[in-house]
Asks: 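Below you will find the structure I want to go over with you.
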Amino acid sequence: MGTTTHIALVSVPIYSHLRSILEFSKRLVNLHQDIHVTCIIPSTGSSCNNTKALVESLPPSIDHMFISPQNLEDIPHDIHPAMLVQVAIYLCMPSINDALNTIHSDLGLAAIICDGLITQVLHLPKKLNIRSFIFFPSTVMLLSLVLFSSKLNETVSSEYRDLLEIEIPGCIPIPGKDLPESLQDRSSEDYKVFLEGNERFYLADGVLVNSFQEMEEETIRVLHQEGTKIPYVYAIGPLIQKGSCNRGSDDVELCLRWLDKQEDNSILYISFGSYGNISKDQIVELAWGLELSGQKFIWVLKPPSKFGLLNDVGDINEDPFQFLPKGFLERTKDQGLVVPHWAPQIEILGHGAIGGFITHCGWNSVLEGVVHGIPIIAWPLFAEQKMNAAILTKGLKVAIRPKLNEKGVVEREEAAEVIKNLMVGEESMGIRQRMKELKGAAAKAVKEDGSSTRALSELALKWKSLGVAGTTKTLA
């Protein structure tokens, strides 16, 4: 006989968010085997192979259910992916609430945890008198912006994009233009939705952040000083995927065999993430920059997208090589490897040949780079990625950020100079040392007595104590 505490998670139909919250789930049940998790996953239609592979790898103590939206066929086929996610969440909410009510009735829930993009869920646990939490798969810096956005809205009169510096509590000052796109026009509907969503954060009893004490210590300290004025912040990261699970071994072996032939710390890895993309002009300039730098590289190349900086997953069959400068592949055949569409990022970053990482600064990719101790060229594209780049360059000083021209493109000479600086320049020595120290801090945080493990155990004990009061079931 044993007592099991039941937790429900609600994710969003974004692969990177789902991956992060499932890594949290696996770590939770691995450390606390008397906790059972049910993950509710709204979808935008049929589940992609990546998502199926994620859920198929879950242990028995984590259940999952997909919620399909009603009337999705009425949505335009070429809708922007970000809008599709919002529509899917809206259409799925009645079914999500029904599922949560059923799970609570059948098992008794100690807590409900939702992704930070689906805080509409938080109204239900208040009605059911259940503790509620938000899983925040980004930085404590972004969380601070979210929690204090209303105060910022009241105290700042101008457009944020016009300010040279924005003061976010506990954070380094950043240019207003580095805030997310939804904050760049304060008269827009996106900005109003941003403020409304942020107010719902105050319904939660706490926020679980995929960061760690040593990475954002001052920001965490300042937020903890706020006490009960804001939800309590639990830094429980870094939570990263341990290995690629969405492609065949041939794709993995191709990259690793090539890397095995290279010298240690000699290769620059370039990837703009699952959803990031660059323009045709930027592909050309980056290609020339790589060639001019003389540095060896492995580049995950995708074709330009009709959605701009956001990847069009429907273009998987389009040949991205056609957008490279004429003769590039032949001229660089001994310098680099260009991989179409996808590469096993976890395995690549963990390979000893990798000495640098050009990344779009999506938080999952940033944490993967940190965990493996890889110096970074910060190349942000959208969402909060410019804020992440500011943390890496101005705060932690483990990255270099290239300059854009007036058209928003990194020109070839700038790309070549930044690449050489990171890989062989004098500046790289300090960056490598600081990244090595950050890697050590990341490893320490998730050890048995580490700061993130303690924070997660504090939460687990709280949920178990709630279970004693009647929100668990006894299993034979």
Side-chain angles (χ1 to χ4, degrees), residues 11-23 48-51 53-54 80-82 84-85 115 117 137-139 142 178 180-181 210-211 237-241 243-247 251 255 268-279 282-283 286 297-316 318 320 323 338-350 354 356-372 374-392 399 401-402 408 410:
S11 185
V12 291
I14 301 175
Y15 176 75
S16 57
H17 283 239
L18 176 61
R19 200 177 83 180
S20 187
I21 203 168
L22 290 182
E23 287 301 325
C48 66
N49 291 335
N50 292 359
T51 300
L54 279 181
H80 192 281
L84 177 60
V85 168
D115 186 281
L117 293 181
S138 188
T139 64
L142 180 61
D178 277 354
E181 291 88 345
N210 191 11
S211 186
L239 299 163
I240 68 165
Q241 193 173 330
S244 302
C245 62
N246 55 350
R247 294 296 172 98
D251 299 298
C255 297
L268 176 69
Y269 172 60
I270 305 125
S271 174
F272 296 97
S274 302
Y275 291 98
N277 215 328
I278 57 177
S279 67
Q282 187 61 86
I283 289 174
L286 177 53
F297 64 87
I298 179 168
W299 182 6
V300 185
L301 180 64
K302 291 176 288 190
S305 169
K306 64 185 177 185
F307 299 115
L309 298 176
L310 198 62
N311 185 36
D312 180 4
V313 295
D315 281 346
I316 190 66
E318 186 172 12
F323 300 100
V338 183
V339 183
H341 298 290
W342 180 90
Q345 179 159 301
I346 301 297
E347 288 86 348
I348 289 174
L349 290 175
I354 300 299
F357 183 16
I358 289 183
T359 174
H360 65 308
C361 296
W363 195 238
N364 281 341
S365 289
V366 168
L367 290 178
E368 287 162 7
V370 167
V371 166
H372 292 99
I374 310 298
I376 285 172
I377 292 176
W379 198 304
L381 300 177
F382 53 82
E384 86 285 12
Q385 293 165 10
K386 293 178 183 178
M387 295 177 65
N388 298 346
I391 292 174
L392 295 169
R401 185 173 175 180
V410 178

Asks: Among residues at least two apart in sequence or on other chains, which ones pass side-chain hydrogen bond (donor to acceptor under 3.5 Å, both in side chains) with His372?
Replies: none
Asks: Going by the rule side-chain contact (heavy atoms from CB on, under 4.5 Å), which residues pair with Val339 if we only count those two or more places apart in sequence or in a different chain?
Replies: Cys255, Ile298, Leu337, Ala343
Asks: With sequence neighbours left out, write down each residue that passes ring pair (Phe, Tyr, Trp, His ring centres under 6.0 Å) with Trp379, or none if nothing qualifies.
Replies: Phe272
Asks: Can you give each donor-acceptor pair under 3.5 Å made by side-chain atoms of residues 382-392, sequence neighbours left out, with the distance rounded to 0.1 Å?
Replies:
residue: Glu384; atom: OE2; partner: Ser138; partner atom: OG; Å: 3.0
residue: Gln385; atom: OE1; partner: Leu381; partner atom: N; Å: 2.9
residue: Gln385; atom: OE1; partner: Phe382; partner atom: N; Å: 3.0
residue: Asn388; atom: ND2; partner: Cys361; partner atom: O; Å: 2.8

Asks: Are any side-chain N or O atoms of His360 and backbone N or O atoms of Ser274, one a donor and one an acceptor, separated by less than 3.5 Å?
Replies: no
Asks: Any donor-acceptor pair under 3.5 Å linking the side chain of Tyr275 with the backbone of Tyr15?
Replies: yes
Asks: Are a donor atom and an acceptor atom from the side chains of Ser16 and Asn364 found within less than 3.5 Å of each other?
Replies: no
Asks: Locate the shortest heavy-atom distance separating Trp363 from Ser211; write the atom from each residue and the value.
Replies: CZ2-OG, 4.2 Å
Asks: Apply side-chain hydrogen bond (donor to acceptor under 3.5 Å, both in side chains) to Ser11 and list each qualifying residue two or more places apart in sequence or on a separate chain.
Replies: none
Asks: Just so I know, are the side chains of Glu23 and Ile240 near enough to count as touching, which here means a heavy-atom distance under 4.5 Å?
Replies: no
Asks: Partners of Arg19 by side-chain hydrogen bond (donor to acceptor under 3.5 Å, both in side chains), sequence neighbours excluded?
Replies: Gln241, Glu368
Asks: Does any non-hydrogen side-chain atom of Leu286 lie less than 4.5 Å from one of Trp299?
Replies: yes
